[in-house]
S.K.: 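This is the structure, below, for whatever I ask next.
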Amino acid sequence: MAPTSPFPAAGPATTARTAASPSGDRSVIVLPIDPGLTCLRGLSPRRLRFEVEYGLERGTTANSFLFDAGITSTGQAVPPVLVHPPGASFAAPYLEALAALIPAEASLKVIVGHVNPNRVALLRRLAEQWPGLMLVASNAGARLLNDLWSQSKPGSGAAGSGPEAEAPLPPLPPIDVVKQEVSRELGGGHRLTLIPVPTPRWPGALVAFEESTGLLMSGKFFSAHICSDTFAEANPSSTEEDRRYYYDCLIAPMARPVEGIVDRLDELPIRTIAPGHGPAIATSWRSLLADYRRWGDQQGRAGLTVGLLYASAYGNTAAIADALAQGVARSGVRVESLNCEFSSSDQLIAAIRSSDALLIGSPTLGGHAPTPIVSALGTVLAEGDRDKPVGVFGSFGWSGEAIDLLESKLRDGGFRFAFEPIRVKFSPDGATLRTLEETGIALGRQLQTEQRRSQRRSTTGGLDESRSNPALLALGRVVGSLCVVTTRKGEGDGALAGAMVASWVSQASFSPPGFTVAVARDRAVESLLHVGDDFALNVLAAGRETGPMRQFLQPFPPGANRFVGLDLESSPGGQPVLPEALAWLEATVKQRMECGDHWLLYAEVSHGGLLDPAATTAVHQRRSGGTY
């Protein structure tokens, strides 16, 4: 039997102390969770950033852990040790909370489990406030710290003029480099094991495991973006959808290396997993490890692969890569992600040769592409198959020469492009991220269409299984009503909308009134239909279904408005209603169940209306259960 967690499954261990940002939208609570061990949790109830990983819009938390100063068993004094500090987004309340726990004259060791410009900005603040600071990082993490310490994000003003630019940066503190797994004794009977776990997305990743409590401080792994002031989740179902969404956004493109990381972590005597974002997993961590393996297996079984090669100086190009990767993966195509700054030439060559399409992305730094991208481009030109599609993307501040370079060299090299080069100034916003996802979906569908054509050409005299399998023929006789799902999320220029024709619809409950609808994983609208999202189900009338079906079955380019030219009405909750429909229902998604290549959504009805009592419902007759 697995050991039980010493931490509560729900609710803070004690009354938490709170520090808030001046604007009040972010705060930090202090949760004592074991003698000599404290969790400092940053809370952001609103969407923190526009990256695709925050798409569920449930806020987030940033978890860090402080071990008190003490004496080891050999009598050696150990300073306070801070594990996984957050980014600068939480700087004001975080520094206030930390200052109440550690005097400024004290030495402080900081375990840096993830390195990006936002984290480095907070580390600089820590170095100013605690001059005796020492950093602990993996080999790749130390390299990133050296590269980023004196850099400022474009548009921040730190590298230009003004008071912020005039403030000198503190010197980079000494770095204790963890080149391989190592254990360190702390005060109070605690022992910390540090494990480098590099991935393409997080090359400097370092996780920490405390032996006496069985607490795995996993950083980016096993996270979920949920704003919660309780230390641990109430039950597995309360965070299941959020953790799966986070996996699909960030982990799926690097499923292969993450599988090895999960295997190593599973060998530890874990009792609780405390990730960098979201509540801890105290009672179901084994199930979560199994989920990571199962989700990775789904990626591995895909018959097609898209290679995703990129570098990202400030995280913006990585955000574009994440959105493209999520769209590709939703189409059922595997993504192999490689960070060119930390990948060997052998890894690049293997990815290029094994991929059915290649996407390559770069920031523009000083009017140029980073050296690792230039090197990767040369490898693509030398090893790439001209019959396979490519795509180019990148972010820039004032120009975009790196994107121009990638495009011109690949076009001159005879490659065909799957889509026009994607150029994003600074950070992608919500609408751009959605367009990027749809671009990834379109690429995945294109590859699958080409594969099916190739298979048909190579098969002579064979029968389509969907037309010959008796079970599929019988399944096709299950009749569904023809409907159009419409949804709108957000307001103003940032509003997102989507629609799809649905025929797999059925009433599911009387009280409360509810129904189910199946949504294919590669439908663009699927990303707007998570638990808590509202939508309208427009039931079409027999004899009048042709117009709506023609509108919503046509292929839309990525980012296109599905409702252009339509005279829509609105439900009480602001969802789009088709006036020519027979009836409409406004509903809220309450549950989602993964069913093969579809999601089955259960929604509870809040409003509805019968627009034409004399009409009958249009139904969808199919020849086979193998196709729509």
Side-chain angles (χ1 to χ4, degrees), residues 1-13 31 41 43 45 47 53-61 63 215-216 218 220-252 262 265-266 270-298 330 506 508-509 511-519 521 526-535 587-606:
M1 179 181 294
T4 58
S5 168
F7 309 121
L31 302 171
R41 170 169 289 176
L43 301 175
R47 181 171 183 164
E53 63 188 277
Y54 298 96
L56 296 186
E57 299 188 17
R58 293 171 187 163
T60 192
T61 63
N63 302 318
L215 182 67
L216 175 66
S218 60
K220 289 292 186 179
F221 302 99
F222 315 118
S223 286
H225 286 300
I226 313 168
C227 185
S228 169
D229 60 2
T230 57
F231 176 69
E233 62 185 13
N235 55 68
S237 61
S238 65
T239 61
E240 182 179 12
E241 183 188 24
D242 302 271
R243 297 197 191 281
R244 175 59 192 271
Y245 182 81
Y246 183 92
Y247 180 96
D248 288 343
C249 289
L250 299 180
I251 307 296
V262 170
L265 298 180
D266 201 8
I270 297 171
R271 297 164 74 184
T272 299
I273 294 178
H277 306 290
I281 306 99
T283 61
S284 61
W285 62 267
R286 284 198 180 278
S287 296
L288 183 55
L289 295 187
D291 285 340
Y292 262 54
R293 290 193 177 97
R294 176 169 56 87
W295 298 335
D297 286 343
Q298 292 172 354
R330 279 173 52 195
S506 178
S509 59
S511 181
F515 61 88
T516 60
V517 56
V519 181
R521 294 174 61 89
E526 184 271 334
S527 63
L528 301 177
L529 296 173
H530 285 271
V531 172
D533 288 335
D534 297 327
F535 68 97
T588 302
V589 180
K590 294 297 183 180
Q591 296 181 45
R592 284 167 51 106
M593 182 171 70
E594 191 174 7
C595 301
D597 54 5
H598 282 66
W599 286 98
L600 185 65
L601 313 183
Y602 169 70
E604 290 183 4
V605 175
S606 56

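This chain uses plain numbering: 1 for the first residue, then up along the sequence. Predicted model only: the values in this text are computed from it and were never measured.
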S.K.: Between Asp291 and Phe222, does a side chain to side chain contact (heavy atoms under 4.5 Å, CB included) hold up when you go through it step by step?
M.R.: CA-CA 10 Å; Asp291 285 340; Phe222 315 118; over 6 Å; no
S.K.: Determine whether Arg286 and Asp266 make a side-chain contact, defined as any pair of heavy atoms from C-beta on separated by less than 4.5 Å.
M.R.: yes
S.K.: For the backbone of Ser287 and the side chain of Ser284, can you confirm whether one donor and one acceptor N or O come within less than 3.5 Å of each other?
M.R.: no
S.K.: Would a 4.5 Å heavy-atom cut-off, applied to side chains only, mark Leu56 and His225 as touching?
M.R.: no
S.K.: What's the spacing between Glu53 CD and Tyr245 OH if we round to 0.5 Å?
M.R.: 9.0 Å
S.K.: Should the pair His277 and Tyr246 be assigned to parallel (<30°), tilted (30 to 60°) or perpendicular (>60°) ring geometry?
M.R.: tilted
S.K.: Between Asp297 and Arg294, is there a salt bridge with N-O shorter than 4.0 Å?
M.R.: no
S.K.: With distance as the sole test, does Asp597 use its side chain to make a donor-acceptor pair with the main-chain N or O of Arg521 at under 3.5 Å?
M.R.: no
S.K.: Return yes if some donor-acceptor pair links the side-chain N/O of Thr61 with the main-chain N/O of Arg41 below 3.5 Å, else return no.
M.R.: no
S.K.: Report yes if the side chains of Arg243 and Leu288 come closer than 4.5 Å at any heavy-atom pair, otherwise no.
M.R.: yes
S.K.: Report the residues that fulfil side chain to side chain contact (heavy atoms under 4.5 Å, CB included) with Glu604, sequence neighbours left out, ordered by chain and then residue number.
M.R.: Pro512, Lys590, Tyr602
S.K.: Where is the tightest heavy-atom contact between Ala603 and Ala587, given as atom of each residue plus distance?
M.R.: CB-CB, 3.7 Å
S.K.: When rounded to the nearest 0.5 angstrom, what is the spacing between OG in Ser218 and CD1 in Ile270?
M.R.: 8.5 Å
S.K.: To the nearest 0.5 Å, tell me how far Asp242 CG sits from Arg244 CZ.
M.R.: 13.0 Å
S.K.: Please report the interatomic distance NZ(Lys220) to CD1(Ile251), rounded to the nearest 0.5 Å.
M.R.: 9.5 Å
S.K.: Kindly write out the residues that satisfy side chain to side chain contact (heavy atoms under 4.5 Å, CB included) with Glu241, not counting sequence neighbours, or none if the list is empty.
M.R.: Arg58, His530, Val531, Arg592
S.K.: Taking all non-hydrogen atoms of both residues into account, name the closest pair between Leu216 and Leu265 and its distance.
M.R.: CD2-CD1, 4.1 Å
S.K.: Looking at CG of Leu289 and CD1 of Ile273, how far apart are the two atoms once the value is rounded to the nearest 0.5 Å?
M.R.: 4.5 Å
S.K.: How many angstroms lie between CG in Asp534 and CG in Leu529, if you round to the nearest 0.5 Å?
M.R.: 10.0 Å
S.K.: With heavy-atom distances below 4.5 Å as the criterion, would you say the side chains of Trp599 and Glu594 are in contact?
M.R.: yes
S.K.: Describe, in one word, how the ring planes of Phe535 and Phe515 are oriented to each other, choosing from parallel (under 30°), tilted (30 to 60°) and perpendicular (over 60°).
M.R.: perpendicular
